[in-house]
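To find a chain, count down the sequence lines: A is the first, B the second, and so on, and within it residues start at 1. Since this is a predicted model, take the numbers as computed values, not measurements.
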2 protein chains.
Amino acid sequence: MNNPTRTPVSRRSRPAKDPLSQEVIVKTAFDLLEREGSSGLSMRKIAKALDTGPSSLYVYVKNLEELSTYVLDYGLGKLVLPPAADGSWQSNLFDALNAYLTVLYESPGLAELALTTIPIGPHSLALMEYILARLDEGGASSISAAWGVDLLLLYTASVAFEQTSRDRMGTTLQTITETFRSLDPLRYPMIAALKDVMFSGDETGDLQRFRWGLEAILRGVLQTGDKAPGRDVNA
Amino acid sequence: MNNPTRTPVSRRSRPAKDPLSQEVIVKTAFDLLEREGSSGLSMRKIAKALDTGPSSLYVYVKNLEELSTYVLDYGLGKLVLPPAADGSWQSNLFDALNAYLTVLYESPGLAELALTTIPIGPHSLALMEYILARLDEGGASSISAAWGVDLLLLYTASVAFEQTSRDRMGTTLQTITETFRSLDPLRYPMIAALKDVMFSGDETGDLQRFRWGLEAILRGVLQTGDKAPGRDVNA
DNA sequence: ACCTGAACACCGTTCAAGT
DNA sequence: ACCTGAACACCGTTCAAGT
């Protein structure tokens, strides 16, 4: 059975199993998240995909929560921020948040992570830094910028989350609209009157609504500044 | 073994086990949520607390998701909205959202539900109706009111969620502040410059910050109105 | 140092069987 | 109509044992 010519034949009949590493684990986890949504993000599924046992992962990752923060940041790696040199600070800001929204749309489950895990990875920080810089350009005070960036990121992530969780289960949307349609207009007159406006629904309407919210927040953030907090909102 | 006097003796030697009902299930679930946070909300734990098997619950409740919406609304039952007759619409609005925030603070896990499940129960709707009415009083357009109410509720719930999830795990807060403290100021100059403002931290600061956000959103919502969407935010 | 197997203590949901 | 037991197909995490 030996090869008499002793041609060096690799003892590895097939490529060696990739050794584990934090990087492969995060990448695999992200793939699962993209393919199956947030329920795909489980230690056991990741382990199975890597052809090993779940306990092996704990060498590279403290627990699922820590892994989640890595996965979020890995997903945010796709984010491309517009060059700050081009365009106004406002359009750059809108474009950046739009890009954020798009990334969250494209990987179902990522929006939930963005809402649930602490964004302290390099890509999260880069986005934060970018937005802070645009707000600063726009003349926002330190407080406005520091607190406003949270508001803007939260808003964007939650719009994405609402959308993706609506897609996930088609039933839910029906439940909602049915509920609102059958409301007692005497008990909930405002809701009854506005129910059509509240659910624009179509995709173009969604984007328009997203933009509307962004503008509203931005206006408010820039104007509220660090004036003495007063009761009068319209002053 | 028979009682010869035939005195009517209850066959029930102890009070009959409360028959199951959606109401007891929801109440028990909420108690668990309050005591153990969101991880306490499980079919099996609820069943155990009711001294039955998990399968029994499915007679009264479709699944955990549906139950979650009931639990959220049950928790919101504690919400007391200020009488609309007293005070200005603005102070009523602030008070209502403050009450909402307080309820979410007081029942750990409720904030997560508010962010995650669809609020179509009567108490959620009452809160929504109340806020819509105040915005209407304040002269908001239909669109501003309809879209603004979402923004205000989302903001409040997320402030509560961030706070409660910070309390849950004391480690996390340290991780965050450490990360921000050790950031490279060359790579993230804005974050480095503003890191102290971003984490006011103390409780009074939290409330102040909450109020600041509310005012910012309100300002923006009222002003953005239904003007033609323009690029210029400051106009 | 890394990986494995096996175990522990959990999940949600279904379903045939009982009353 | 309601409740039960048992099962199915999952979870995250730990730990002694191997190499």
Side-chain angles (χ1 to χ4, degrees), chain A residues 11-12 14-30 32-33 35-72 109 112-113 116-118 165 168-169 171-172, chain B residues 11-12 14-26 28-33 35-72 109 112-113 116-118 165 168-169 171-172:
Chain A
R11 246 78 112 265
R12 292 179 272 185
R14 50 181 91 179
K17 202 165 82 175
D18 277 346
L20 282 180
S21 70
Q22 197 175 90
E23 213 194 327
V24 260
I25 291 173
V26 171
K27 203 188 162 349
T28 307
F30 179 74
L32 278 165
L33 184 74
R35 215 168 330 121
E36 302 181 24
S38 54
S39 71
L41 198 64
S42 96
M43 298 300 259
R44 294 185 109 103
K45 280 183 183 161
I46 296 162
K48 192 169 287 175
L50 288 168
D51 196 30
T52 182
S55 51
S56 303
L57 307 177
Y58 287 85
V59 179
Y60 303 93
V61 127
K62 214 188 80 187
N63 52 30
L64 182 63
E65 193 186 331
E66 193 193 271
L67 176 57
S68 298
T69 75
Y70 298 149
V71 171
L72 171 62
E112 195 175 339
L113 279 191
T116 298
T117 77
I118 312 117
S165 59
R168 224 183 338 157
M169 34 194 183
T171 88
T172 311
Chain B
R11 247 78 110 264
R12 292 179 269 182
R14 49 181 94 179
K17 203 165 85 176
D18 277 347
L20 282 180
S21 70
Q22 198 176 89
E23 213 194 327
V24 260
I25 291 173
V26 171
T28 308
F30 179 73
D31 289 346
L32 279 165
L33 184 74
R35 216 168 329 122
E36 302 181 23
S38 54
S39 71
L41 199 63
S42 95
M43 298 301 258
R44 294 185 108 104
K45 279 184 184 161
I46 295 162
K48 193 170 286 176
L50 287 168
D51 197 29
T52 182
S55 51
S56 304
L57 307 177
Y58 287 86
V59 180
Y60 303 94
V61 128
K62 215 188 79 189
N63 52 31
L64 181 63
E65 194 186 332
E66 194 193 90
L67 176 58
S68 297
T69 75
Y70 298 148
V71 171
L72 172 62
E112 195 175 339
L113 279 191
T116 299
T117 77
I118 314 115
S165 60
R168 225 182 339 158
M169 34 196 184
T171 88
T172 311

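- Taking 4.5 Å as the limit, some side-chain heavy atom of B:L57 sits within range of a side-chain heavy atom of B:L50.
- D:dA9 and C:dC10 have their P atoms separated by 22 Å, given to the nearest Å.
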What pattern of brackets, bars and dots sums up DNA chain D from 5' to 3', given Watson-Crick or G-U wobble pairs under 3.5 Å, [ ] for crossing pairs and | for another strand?
||.|||||...|||||.||

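- Between A:T52 and C:dC3 there is no side-chain N or O to OP1 or OP2 distance below 4.0 Å.
- Note: CD (A:Q22) to P (C:dC3) measures 13 Å, nearest angstrom.
- Here the closest non-hydrogen pair linking B:G40 and B:L32 is O-CB, 3.6 Å.
- For the residue pair A:L33 and A:L113, the shortest heavy atom distance occurs at CD2-CD1, 4.0 Å.
- A:L67 contributes atom CG, which lies 11.0 Å from atom CG of A:L72 (distance to the nearest 0.5 angstrom).
- Contact between B:S56 and B:T52 at its shortest, heavy atoms only, is OG-OG1, 2.9 Å.
- Across all their heavy atoms, B:E66 and B:Y70 have their closest contact at OE1-OH, 3.1 Å.
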Across nucleotides 8-19 of chain C, 5' to 3', mark each nucleotide with B, S or - according to how protein heavy atoms within less than 4.0 Å reach it.
---BBBBB----

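- Residues forming a side-chain contact (heavy atoms from CB on, under 4.5 Å) with A:Y60 (at least two apart in sequence, or on another chain): A:L20, A:Q22, A:I25.
- The two residues A:E112 and A:S38 come nearest to each other via the heavy atoms OE1-OG, 3.0 Å.
- When the C1' atom is compared between D:dC2 and C:dA17, the two are found 13 Å apart, to the nearest whole Å.
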